[in-house]
Novice: 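Sharing a structure, written as structure tokens. Questions coming.
All chains are named by letter (A, B, ...) in the order of the sequence lines, taking the proteins before the strands, and each is independently numbered beginning at 1.
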There are 4 protein chains.
Amino acid sequence: MARPLSEEKRTAILAAAAEAVADLGVGAPTAKIAALAGVAEGTLFTYFESKDALFNQLYIDLKLEAGVRMIAGYRSGRDLPDRWRQVWDQYIEWGVANASSRKALGQLEASDRIGESARYVGAQAAQDVAAELYEGRNIGLLGEQSSNFIAGIFVALGDMTLDFIDREPERRERLKRAGFKALWNVISGR
Amino acid sequence: MARPLSEEKRTAILAAAAEAVADLGVGAPTAKIAALAGVAEGTLFTYFESKDALFNQLYIDLKLEAGVRMIAGYRSGRDLPDRWRQVWDQYIEWGVANASSRKALGQLEASDRIGESARYVGAQAAQDVAAELYEGRNIGLLGEQSSNFIAGIFVALGDMTLDFIDREPERRERLKRAGFKALWNVISGR
Amino acid sequence: MARPLSEEKRTAILAAAAEAVADLGVGAPTAKIAALAGVAEGTLFTYFESKDALFNQLYIDLKLEAGVRMIAGYRSGRDLPDRWRQVWDQYIEWGVANASSRKALGQLEASDRIGESARYVGAQAAQDVAAELYEGRNIGLLGEQSSNFIAGIFVALGDMTLDFIDREPERRERLKRAGFKALWNVISGR
Amino acid sequence: MARPLSEEKRTAILAAAAEAVADLGVGAPTAKIAALAGVAEGTLFTYFESKDALFNQLYIDLKLEAGVRMIAGYRSGRDLPDRWRQVWDQYIEWGVANASSRKALGQLEASDRIGESARYVGAQAAQDVAAELYEGRNIGLLGEQSSNFIAGIFVALGDMTLDFIDREPERRERLKRAGFKALWNVISGR
DNA sequence: TATGAATGAGTGTTCATTCAT
DNA sequence: CATGAATGAACACTCATTCAT
């Protein structure tokens with residue numbers, strides 16, 4: 001099947017899926033997703049072969065979006081810590097502003113519906129960002145590790161920080177700074 | 001009393017649930033769990049009021065077990081870094097040895113079947129360990145943070161490290177050390 | 001609209017439910033009802049939200065049908081006893097011809113699955129008939145009673161008569177006449 | 001199995017069954033009945049072979065009880081209408097005082113769990129009372145009918161009256177009198 | 001292509017009855 | 001005999017997917 005008629009509908013379905021998954025987990029019925037998207041139950045299946053296909057696509061989209069937002073406005077001119085901080089702040093801000101996307105992503109990540117290939121694409125997004133910052137250089141004692149591992153640490157600390165912010169929104173700024181300090185300690189430590 | 005409730009069966013059901021959830025996620029059918037445990041479908045419900053009740057109990061058990069294993073053999077005499085390393089190593093070892101428990105825990109954590117009270121108990125387990133190490137002292141520049149946050153960092157880095165080990169088991173020792181270095185950098189950083 | 005909801009299927013399900021309930025009581029499985037109606041198990045639930053909803057609708061339908069049959073062919077020109085006899089005969093004939101509808105109605109009536117609103121609609125049907133006959137006039141010494149009570153007596157004697165006919169079908173005519181005599185005695189008595 | 005040990009327990013189970021059936025219909029779980037009776041789930045089955053056996057026995061007991069109460073204090077000396085009225089009043093009073101027994105009876109009556117033999121015994125109880133009053137004499141134009149039919153009318157009108165009293169308890173006396181007038185009209189009518 | 005009715009396998013839970021203690 | 005844990009068939013209802021319109 002070639003590109004389906006309405007890109008608009010496709011997008012609406014993906015957005016509806018994100019919302020439904022954030023709310024109800026991967027058990028969210030396709031019927032509810034379709035309703036949220038304002039299309040008929042059957043229509044969903046002309047845009048996506050199956051529920052799994054839809055979720056895999058959603059996973060990739062959300063991962064890419066997070067990645068894009070992270071480097072948006074990234075300025076290479078600054079010094080290293082500033083560049084890291086910049087990316088960190090973007091990530092946290094994106095997470096705060098898109099809490100439900102993040103929640104959906106978490107659900108998808110945990111589920112067994114996301115295949116290897118989607119995961120690979122998702123992982124790439126994170127690594128690309130890290131590589132950008134890493135610049136092939138050794139950073140402190142972790143130098144021997146791949147940018148992979150750095151990306152993992154970044155995301156782990158970022159998500160943890162966002163979880164804390166979810167629970168204590170009023171401490172947002174403090175938590176964001178504390179999270180970054182932790183990250184920077186990791187990176188700059190000997 | 002007639003045949004008393006068998007602690008053995010209760011344990012078998014819990015173990016079966018862990019296995020099933022690790023394999024199939026929280027959608028694992030109670031029928032399969034019962035079969036794995038070697039009991040009749042109905043028996044599961046004499047030991048646990050509902051699937052949710054079973055999963056909440058499983059969540060608590062796994063969290064507590066992880067906590068217990070972490071401080072098992074903890075020796076307070078050593079110096080601070082050694083004590084942290086000791087706990088870190090225990091956590092990683094537990095995670096490696098109980099990969100499926102950890103996977104189950106992840107599924108449970110993400111699902112909406114775990115109620116507040118179970119989450120509270122679970123969170124306590126992690127904090128207790130952190131508090132033990134934290135000893136009320138300020139640690140580096142993060143000193144202003146609660147032991148809460150430190151526990152969060154510990155778990156985040158630990159889980160991330162375990163995820164890497166899952167994918168590259170042959171680099172286990174190296175990853176374990178790198179993970180600890182990251183953790184220690186956070187803790188000791190100025 | 002795609003395939004529209006088929007009135008035919010809806011009717012088939014209702015009829016199947018009547019038959020199943022007459023046979024097996026309100027415990028009749030929805031699966032059996034669906035099979036009797038010649039539709040898939042799930043289809044039943046696209047026509048009725050739940051088993052209870054189905055049963056409430058069935059109750060109303062049967063009540064209304066009984067009411068309609070009762071006044072069918074009613075001729076207001078005749079004298080009072082003739083009019084009553086006419087309605088009585090219709091009720092008995094309907095009951096004899098629709099023994100299973102009547103049985104189903106009995107089961108439904110006794111069950112706790114019929115909500116207030118359905119009962120109200122059902123009661124209205126009976127009262128409307130009685131009011132028609134009652135014509136606001138005082139009838140014998142019972143005059144002080146509401147048409148309500150007269151309707152109750154009518155139905156009580158009618159159902160009892162039908163129960164006797166069920167057990168001794170060969171005495172049908174005699175029982176029908178005896179039942180009416182009882183009713184007329186009540187109505188005309190001083 | 002000979003008579004079981006404790007007549008007391010047997011009675012408790014029957015009473016519990018009446019209560020449970022009045023509340024929940026014939027679907028009342030044996031476990032709940034046992035609990036209400038203060039015995040273990042299994043014990044119920046040493047006193048009654050099955051749920052059906054219990055319900056059949058309960059049906060007979062309740063029918064007999066109603067019959068006994070009806071003729072309690074019956075004085076043959078009075079004149080005919082007084083004797084009928086006396087029995088009528090007893091029935092209504094019993095019904096009012098034992099609303100839940102009556103409700104249970106209704107549930108049992110409608111269910112398919114009551115076998116022919118129990119129904120026969122039950123029917124006997126009602127007929128015995130009627131026969132007592134009927135005294136072999138012809139009563140009005142209904143004379144050709146069996147005492148059977150008279151008993152049927154009595155019970156039909158009595159139950160209907162009780163149903164009205166259930167819904168409008170404050171009109172109890174008036175309804176009781178109206179019901180009797182209806183009954184007496186039937187009996188004495190030419 | 002869009003729609004939503006139709007399908008039937010799959011699910012959590014209940015419950016009468018059995019039987020080990 | 002009394003107990004209540006164990007059993008597994010049965011049930012109402014859900015849902016991804018298909019397909020007639």
Novice: Just name whichever nucleotide pairs with F:dT21, Watson-Crick or G-U, keeping both distances under 3.5 Å, else none.
Specialist: E:dA2
Novice: Assess whether a salt bridge exists between D:Lys63 and D:Glu109, defined as any Lys/Arg side-chain N lying under 4.0 Å from an Asp/Glu carboxylate O.
Specialist: yes
Novice: Can you check the C:Glu41 CD to F:dC15 C1' distance for me, whole Å?
Specialist: 14 Å
Novice: Provide, to the nearest angstrom, the distance between the CZ atom belonging to C:Arg10 and the P atom belonging to E:dA5.
Specialist: 14 Å
Novice: What is the distance from CG of A:Asp52 to P of F:dC15, rounded to the nearest Å?
Specialist: 16 Å
Novice: Is there a side-chain contact between D:Leu14 and D:Phe48 (heavy atoms, below 4.5 Å)?
Specialist: yes
Novice: Round to the nearest Å and state the distance from A:Ile33 atom CD1 to F:dT17 atom P.
Specialist: 11 Å
Novice: Separation of B:Lys32 atom NZ from E:dG10 atom P, in whole Å?
Specialist: 11 Å
Novice: Within the structure shown, what part of the strands sits under 4.0 Å from A:Ala53 by heavy-atom distance: base, sugar-phosphate, or nothing?
Specialist: nothing
Novice: Identify whether any heavy atom of A:Lys9 sits under 4.0 Å from a base atom; if not, whether one sits that close to sugar-phosphate; answer base, sugar-phosphate or nothing.
Specialist: sugar-phosphate
Novice: Thinking salt bridges, do C:Asp166 and C:Arg102 make one under a 4.0 Å N-O criterion?
Specialist: yes
Novice: Please tell me which of A:Arg113 and B:Thr43 maps to the more 5' nucleotide of DNA chain F, matching each residue to the nucleotide holding its nearest heavy atom.
Specialist: B:Thr43
Novice: Report yes if the side chains of D:Arg10 and D:Gln57 come closer than 4.5 Å at any heavy-atom pair, otherwise no.
Specialist: yes
Novice: Calculate the interatomic distance between C:Phe45 atom CZ and E:dT11 atom P; express it in whole Å.
Specialist: 18 Å
Novice: By nearest heavy atom, map C:Ser6 and B:Gly27 onto DNA chain E; which one lands nearer the 5' end?
Specialist: C:Ser6
Novice: How about C:Lys103: does its NZ atom have over 12 heavy atoms from other parts shown lying under 6.0 Å from it?
Specialist: no
Novice: Whole-Å distance between F:dA5 C1' and B:Tyr47 OH?
Specialist: 7 Å
Novice: If you assign B:Thr46 and C:Ser50 each to the DNA chain F nucleotide with the nearest heavy atom, which residue ends up on the more 5' nucleotide?
Specialist: B:Thr46
Novice: How close or far is atom P of F:dT18 from atom NZ of A:Lys51, stated in whole angstroms?
Specialist: 15 Å
Novice: Looking at every strand, decide which applies to D:Phe48 at a 4.0 Å heavy-atom threshold: base, sugar-phosphate, or nothing.
Specialist: nothing
Novice: Would you indicate what A:Ala28 reaches in the nucleic acid, counting non-hydrogen atoms under 4.0 angstrom: base, sugar-phosphate, or nothing?
Specialist: sugar-phosphate
Novice: Within the pair D:Thr30 and E:dC15, is there a side-chain N or O less than 4.0 Å away from OP1 or OP2?
Specialist: no
Novice: Let me spell it out: for each of C:Ala40 and B:Pro29, pick the nucleotide of DNA chain E with the closest heavy atom. Which residue's pick is nearer the 5' end?
Specialist: C:Ala40
